[in-house]
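Hydrogens, waters and symmetry mates play no part in the numbers below; they use all other heavy atoms, side chains included. Lettering follows sequence order; numbering is per chain, from 1.
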Amino acid sequence: MPLKIYNTLTRKKEEFVPLTPNKVNMYVCGITPYDECHLGHARAAVVFDVVYRYLNYLGFGVTYIRNFTDVDDKIIKKANDTGVTCQTVSEKYIQSYTEQMTRLGVQTPTCEPKATEHIQEMIFHIQKLIDRGMAYVSGADVFYEVRKFSSYGKLSQKKIDELESGARIEVDERKKDPLDFALWKSAKPGEPEWESPWGKGRPGWHIECSAMSSKYLGDQFDIHGGGRDLSFPHHENEIAQSEGATGKDPFARYWIHNGFVNINSEKMSKSLGNFLSVKKILEEWDPEVVRYFLLSANYGSPIDYTPEAMSNAQEALTRFYEALNRLEKTETGEDVLPEFSLQEILEIPLNDDFNTTQVIGKIFEYVRELNRFLDQGKYPSESSLNEFKASLQKVTNVLGFFGQDPQVFLDIQKTKALQSSTISEEEIQRLIIERREARKSKNFKRSDEIRDQLAAQGIVLKDSPDGTTSWEVKK
RNA sequence: GGCACGGUGGCCAAGUGGUAAGGCGGAAGUCUGCAAAACUUCUAUCCGCGGGUUCGAUUCCCGCCCGUGCCUCCA
């Protein structure tokens with residue numbers, strides 16, 4: 001049963017066949033580091049992290065490149081506004097991005113090249129485009145001549161003439177056509193600059209991805225990913241640059257685009273000012289909850305960020321860990337656990353265009369079976385328990401969640417919830433002991449009083465058959 | 001205006017040419033001194049609206065309405 005991927009280029013789900021058997025080359029557009037990354041950036045990173053992990057699970061040798069575009073208008077602006085160098089700005093946010101992604105369980109790609117470290121490759125690429133007549137020099141600037149690339153618009157399904165009539169493109173005297181875009185920008189005061197055959201200047205946006213992808217993955221490779229908002233113009237221009245320079249088509253065989261994270265049904269973005277940084281969100285929510293949330297809908301659809309959705313994710317994870325905790329605590333015996341089929345739970349759903357939502361659904365179906373098993377007073381055999389754990393571990397390795405020690409997860413949630421409560425853990429313990437005595441002497445009036453009192457403060461008690469009482473925080 | 005994507009129960013969200021996963025929530029029951037948790041049952045005669053194709057469509061086609069995105073920096 002083959003892996004199928006929805007290819008933006010063809011707008012169809014296609015069977016995935018790599019260029020070289022057993023090997024996958026994948027390039028994903030990373031960030032422009034000029035500010036704290038927000039949930040939208042995290043979604044892209046997490047989505048492609050799962051793609052990467054799953055391809056590895058399937059046994060492919062994956063070379064995964066995710067770049068940093070560390071030369072850009074916004075970085076320059078930030079640097080000038082704050083009186084530091086561009087490098088200071090980009091390094092600061094690259095570091096922060098790396099930290100947040102690590103917390104979210106995002107694995108480090110094979111290589112994370114920086115644009116500024118590939119200026120020579122870009123210059124070489126631009127020269128190639130000029131030599132092939134796809135680009136022209138205008139003063140000390142170099143532009144890509146869009147009309148020379150006949151299939152321009154094939155990814156975003158736009159037609160050049162329709163784009164022209166869009167009339168939102170500013171007129172630039174130096175361009176032959178308003179749609180032409182800059183490959184090389186001449187030096188201006190207060191901007192970083194490099195030597196080039198066309199004079200001092202800096203690369204335009206887009207060319208870094210063409211140059212770096214070909215350097216690390218070759219002129220043609222398997223998967224190219226990024227957020228949906230990059231499909232035009234960024235990816236369209238990348239295609240034009242790469243195919244225009246090599247004459248090889250297609251540049252990337254499968255294009256995968258992840259959907260946005262919305263807030264109030266609107267795209268979360270810097271320009272709209274409605275973004276929430278990952279840093280901020282992680283102050284409030286467990287990284288696993290965030291990751292679960294990001295993967296709980298299919299990667300291509302938009303997801304709406306709301307506190308309710310986050311708490312929903314947390315509740316779901318709690319349900320999962322409660323069941324797992326019961327299993328951990330139970331004694332072993334002779335009964336065989338319900339079958340946990342990796343094929344059914346993981347592979348069939350993920351082979352269908354990385355359907356993580358369905359994997360989660362299957363996991364919860366299993367949770368019910370597991371609880372049923374334990375409710376029936378059965379004791380799992382050592383071997384079936386080990387088998388289950390090994391399989392679950394594989395799911396965890398691909399999804400990047402469901403892998404914590406259940407007791408640890410539950411305790412962390414409790415501690416966190418307690419922070420915003422008025423009652424202390426000691427006080428709860430004291431009341432539990434008092435209630436135990438009351439219950440022993442069948443003073444149910446007092447015991448119920450204590451429970452109600454705690455309940456009023458959001459603490460819910462759970463009496464177990466052996467006489468002990470545990471508690472949890474309910475919002 | 002052009003192009004793209006989407007409209008599934010109270011909310012979130014999968015999915016399929018043959019009759020609707022899962023999570024949250026709600027109702028009843030089992031368990032419990034009573035609860036909580038768990039389990040069981042129930043909670044969309046129906047998948048935006050109107051046509052069409054078909055033995056049969058939520059799933060395919062056409063039209064319409066609504067939402068979002070891209071067309072300018074953007075994951």
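In this structure, CD of A:E472 is placed 17 Å from P of B:rA35, rounded to the nearest angstrom. Regarding A:M310, its CE atom lies at a distance of 15 Å from the C1' atom of B:rC24, rounded to whole Å. Across the protein-nucleic acid pair, A:L294 atom CG and B:rA13 atom C1' stand 15 Å apart, rounded to whole Å. Atom CD in A:Q453 sits about 23 Å away from atom P in B:rC34, given to the nearest Å. A:D304 places its CG atom 15 Å from the P atom of B:rG7, with the value rounded to the nearest Å. When rounded to the nearest whole Å, the span between OH of A:Y321 and C1' of B:rA37 equals 19 Å. Atom-to-atom, OH of A:Y299 to C1' of B:rA14 comes out at 15 Å; the value is rounded to the nearest Å. Here the C1' atom of nucleotide B:rU16 and the NZ atom of A:K4 are 14 Å apart, to the nearest Å.
Both the sub-6.0 Å distance and the 45° axial angle are satisfied by A:K267 relative to the ring of A:F260. Annotation: cation-pi geometry satisfied between A:K414 and A:W471 (NZ/CZ under 6.0 angstrom from ring centroid, within 45° of ring axis).
No salt bridge links A:D463 with A:R436; every basic N to acidic carboxylate O contact stays at or beyond 4.0 Å. Ion pair A:E236/A:K158 not flagged as a salt bridge, since none of the NZ, NE, NH1 or NH2 atoms sits closer than 4.0 Å to an Asp/Glu carboxylate oxygen.
Only the C1' atoms considered, B:rC49 is 45 Å distant from B:rU30, to the nearest whole Å. The gap from the P atom of B:rG22 to that of B:rA14 amounts to 15 Å, rounded to the nearest Å. Comparing the P positions of B:rG9 and B:rC70 gives a spacing of 26 Å, expressed to the nearest Å. The gap from the C1' atom of B:rC73 to that of B:rA57 amounts to 43 Å, rounded to the nearest Å. Going from the P atom of B:rA28 to that of B:rC61 covers 45 Å, rounded to whole Å. To the nearest whole angstrom, the two P atoms, one in B:rU40 and one in B:rU8, are 28 Å apart. To the nearest whole angstrom, the two P atoms, one in B:rC60 and one in B:rG2, are 24 Å apart. Spacing of P atoms, B:rG10 relative to B:rU45, comes out at 9 Å, to the nearest Å.
Checking B:rG67 for Watson-Crick or G-U wobble geometry (two distances, each under 3.5 Å) identifies B:rC5 as its partner. The nucleotide B:rC60 finds its pairing partner in B:rG52, both defining distances of the Watson-Crick or G-U wobble pair being shorter than 3.5 Å. Under the Watson-Crick or G-U wobble criterion, with both distances below 3.5 Å, B:rA13 has no partner in any strand shown. Using N1 to N3 plus N6-O4 or O6-N4 for Watson-Crick, or N1-O2 and O6-N3 for G-U wobble, each under 3.5 Å, B:rA27 pairs with B:rU41.
For A:Q157, a side-chain nitrogen or oxygen approaches OP1 or OP2 of B:rA4 to under 4.0 Å. At the phosphate of B:rC39, OP1 or OP2 sits under 4.0 Å from a side-chain N or O atom of A:N371. A sub-4.0 Å separation between OP1 or OP2 of B:rU40 and a side-chain N or O of A:R372 is present. Distances shorter than 4.0 Å separate none of the side-chain N or O atoms of A:S301 from OP1 or OP2 on B:rC12. At B:rA13, none of the side-chain N or O atoms of A:N298 fall inside 4.0 Å of OP1 or OP2 (strictly under the cut-off). Distances shorter than 4.0 Å separate none of the side-chain N or O atoms of A:R319 from OP1 or OP2 on B:rG22. One finds a side-chain N or O of A:R368 lying less than 4.0 angstrom from the OP1 or OP2 phosphate oxygen of B:rU40.
No contact: A:H234 has no heavy atom under 4.0 Å from any strand. Contact annotation for A:V261: base contact, defined as any heavy-atom pair under 4.0 Å involving a base atom. Looking at heavy-atom distances under 4.0 Å, A:G40 makes contact with a base. Nucleic acid contact class of A:D73 (heavy atoms, under 4.0 Å, all strands): none. Residue contacts shown for A:G259 include a base, since a base heavy atom lies under 4.0 Å away. In this structure, A:S447 reaches the bases: a heavy-atom distance under 4.0 Å links it to at least one base atom across the strands shown.
Put simply, the side chain of A:R228 gets close to the backbone of A:G300: a donor and an acceptor are under 3.5 Å apart. Between the side chain of A:T469 and the main chain of A:I432, no donor-acceptor pair closer than 3.5 Å is present. Proximity of a side-chain donor or acceptor of A:R435 to a complementary backbone N or O of A:S447 within less than 3.5 Å is detected.
Nearest to the side chain of A:R435, among B:rC71, B:rC39, B:rC34, sits B:rC34. Ranking B:rC24, B:rC71, B:rA14 by closeness to the A:Q358 side chain, first place goes to B:rA14. Distances were taken from every side-chain heavy atom of A:D448 (C-beta onward) to each of B:rA37, B:rG23, B:rC34; the shortest belongs to B:rC34. Between B:rA75, B:rA38, B:rA14, one nucleotide has an atom nearer to the side chain of A:D375 than all others, and that is B:rA38.
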Please list, for nucleotides 66-68 of chain B, all pairs of protein and nucleotide N/O atoms separated by less than 3.5 Å.
none

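Projected onto RNA chain B by closest heavy-atom contact, A:R451 and A:A297 fall at different nucleotides, the more 5' of which corresponds to A:A297. The residue among A:D463 and A:D352 whose nearest nucleotide of RNA chain B is located toward the 5' end is A:D352.
A:F388 is not listed as a side-chain neighbour of A:E339, based on a closest heavy-atom distance of 4.5 Å or more.
For B:rG33, its base sits under 3.5 Å from the side chain of A:R439 at one donor and acceptor pair at least. You won't find any donor-acceptor pair under 3.5 Å spanning the side chain of A:K158 and the base of B:rC71, going by distance alone.
The aromatic rings of A:F275 and A:H38 are tilted relative to each other, their planes meeting at an angle between 30° and 60°.
With its ring centre under 5.5 Å from that of the base six-membered ring and a plane angle below 30°, A:F444 counts as stacked on B:rG33.
In this structure, A:Y216 OH and A:N25 CG are separated by 13.5 Å, a value rounded to the nearest 0.5 Å. Rounding to the nearest 0.5 Å gives a distance of 11.0 Å between CG of A:L295 and CG of A:N355.
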